[in-house]
2 protein chains.
Amino acid sequence: MRTSRIQRRYVARRLEILRAAGREFRTRGFAETGMREIAAAADLSPANLYNYFRGKDEILFFCQDSALDRLIANLDKARRGKMGATEKLRSVITFHLHCVLDEVEGSAAHLLTNSIPHHLQKRLLAKRDRYEQGLRQMIAAGIRSAEFVATDPALVTRAILGALNSTVLWFHPQGALSADSVAENFASYLIRGLCSSRASARPARTGRSLDRPAANLRKKIASKGVQQW
Amino acid sequence: MRTSRIQRRYVARRLEILRAAGREFRTRGFAETGMREIAAAADLSPANLYNYFRGKDEILFFCQDSALDRLIANLDKARRGKMGATEKLRSVITFHLHCVLDEVEGSAAHLLTNSIPHHLQKRLLAKRDRYEQGLRQMIAAGIRSAEFVATDPALVTRAILGALNSTVLWFHPQGALSADSVAENFASYLIRGLCSSRASARPARTGRSLDRPAANLRKKIASKGVQQW
DNA sequence: ACGAAATCTGAACGGATGTTCAGTTATTGA
DNA sequence: TCAATAACTGAACATCCGTTCAGATTTCGT
């Protein structure tokens, strides 16, 4: 056989650990979750974890890395499609939510955790930037094609990602609200904000401390050095 | 005099500490920030912190508590106003962003931190629920008055709060992007999503795994037991 | 069945962290 | 000026956490 049984069992055990760790990270947070708890959740002794991962950092790294891979793969697929910007964006939003809400080992995709070593963090930030830039370009294309209203694509991208990622903070898999319905409603709302509205969304100024004209609407934003979603 | 000088100095020092702690929490995260770092940032010895706060938990608690007080006060003021739902919502969004981005000691308002003791966490969750409910009712009123399109107010509220709170993850006070322009752009985008769009925001189904009708649009959500924004 | 390799475990180590405490310095009120 | 109170500090304590390691147990190939 191509891959030996012990190899297959090894990677399966790794995946089990990642799932258990993701579950714990999600509910308790990274810093609040100890290796002993991860081990208990994965039915292992704490010491045995180190046969599968170099340490706690690496566990979180692979959680985030695999989630980002799936997100980027879906994004690229959507970008290559022939549908309009609206449908593309809808597909990305719903997939992102299902990825973050359904697949528990990927639900740690939003954790910042600057306590993870630099060389790992750099790789994650690079992937995250790539995802964010792809989404931004998708929105910018929709603006150019006049499907979307003229706004700052970078800021809208971050608003969307912030809304999507923070769902893990309140969503309960067993709750009354399904991931599907969250995805449907979020997609409708977040996309509608990009389509020109009937009524003017920017009425007469209220006059309260916001007197400076919003002239920096399309200010360029450095894509590098972005720390977080 | 009404308040003695030593009392005034005491509360002033407390505020200095809260500001310094908020600054550190914001950049490093709660678990990653030690009491020794807070003390250094506030120009105090670590031991001296305990003359002003019972411990690290209480420092975070007062950071979040004061920020929530300001947010709730502004929300109530907006709700009592006579403007339309659009202007009310705009005022709340911009104030929320300025509170979270400008006033550094309040920028910890988004931290979950389940490591803080129960009796403190309960008080914070109560205030957070009150804020969220107020915002939700504001949006629901806009829907009733036909200013906003018919959607699930609870989910839109959480999308908005998620977008707003996650700005602290990437916003840099010294960066090229001002808090004002973030507030303007976010408000425009997030409000436009509540106004009926010209083009249909929900086109023909793509057919991909989202075949279940979105019938649970107005499903009630338990307002208690909400853990996070 | 048997030696070898993989898998697993309990116990301990080193370091960091929140916190305390005895003791020192600064400030207050008269 | 002087006692009393507030403000502050360095050093240590207790605990927790990530990690390691020697050795036991299971699984594998033959």
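Below, chains carry the letters A, B, ... as their sequence lines are ordered, and counting in each starts from 1.
Of all nucleotides listed (dT27(C), dG10(D), dC8(C)), dG10(D) comes nearest to the side chain of S45(B). Comparing dT17(C), dC17(D), dA11(D) against the side chain of R36(B) picks out dT17(C) as the nearest. Side-chain atoms of R5(B) lie closest to dT28(C) of the nucleotides dT28(C), dT9(C), dT20(C).
A heavy-atom distance below 4.5 Å is not found between the side chains of H96(B) and L135(B). With contacts defined as side-chain heavy-atom distances shorter than 4.5 Å, the pair N165(B)/V100(B) qualifies. Between V156(B) and N185(A), the closest side-chain pair of non-hydrogen atoms is not below 4.5 Å. Using a 4.5 Å heavy-atom cutoff, the side chains of R79(B) and V92(B) are not in contact.
Whole-Å rounding puts the I59(A) CD1 to dT19(D) P distance at 9 Å. As a whole-Å value, the separation of I17(A) CD1 from dT7(C) P is 11 Å. Note: CG (N51(B)) to P (dT24(C)) measures 17 Å, nearest angstrom. Per the geometry, OH belonging to Y50(B) stands 16 Å off P belonging to dG10(D), to the nearest Å. The separation between M35(B) atom CE and dT17(C) atom P is 12 Å, rounded to whole Å. In this structure, the CZ atom of R14(B) is 16 Å from the P atom of dA6(D), given to the nearest Å. Atom NZ in K56(A) sits about 11 Å away from atom C1' in dC16(D), given to the nearest Å. When rounded to the nearest whole Å, the span between CZ of R13(A) and C1' of dT7(C) equals 10 Å.
With L89(B) as the fixed residue, the side-chain contact (heavy atoms from CB on, under 4.5 Å) test singles out one of T94(B), L190(B), L194(B): L194(B).
Within 4.0 Å of R9(A), counting heavy atoms only, lie sugar-phosphate atoms of the nucleic acid but no base atom.
Applying the salt bridge (charged side-chain N to carboxylate O under 4.0 Å, His left out) test to residues at least two apart or on different chains, none of the pairs has a partner in residues 54-64 of chain A.
Using cut-offs of 30° and 60° for the angle between ring planes, the Y52(B) and Y10(B) rings count as parallel.
The residue among I6(A) and E37(B) whose nearest nucleotide of DNA chain C lies closer to the 5′ end is I6(A). When the nearest nucleotides of DNA chain D are assigned to Y10(B) and P46(B) by heavy-atom distance, the more 5′-ward of the two goes with Y10(B).
An angle of 30°, rounded to 10°, separates the two end axes of the helix from dA1(C)-dT30(D) to dA30(C)-dT1(D), each defined over five pairs.
Between Y52(B) and dC8(D) there is a side-chain N or O to OP1 or OP2 distance below 4.0 Å. Note on N48(B): a side-chain N or O is less than 4.0 Å away from OP1 or OP2 of dT9(D).
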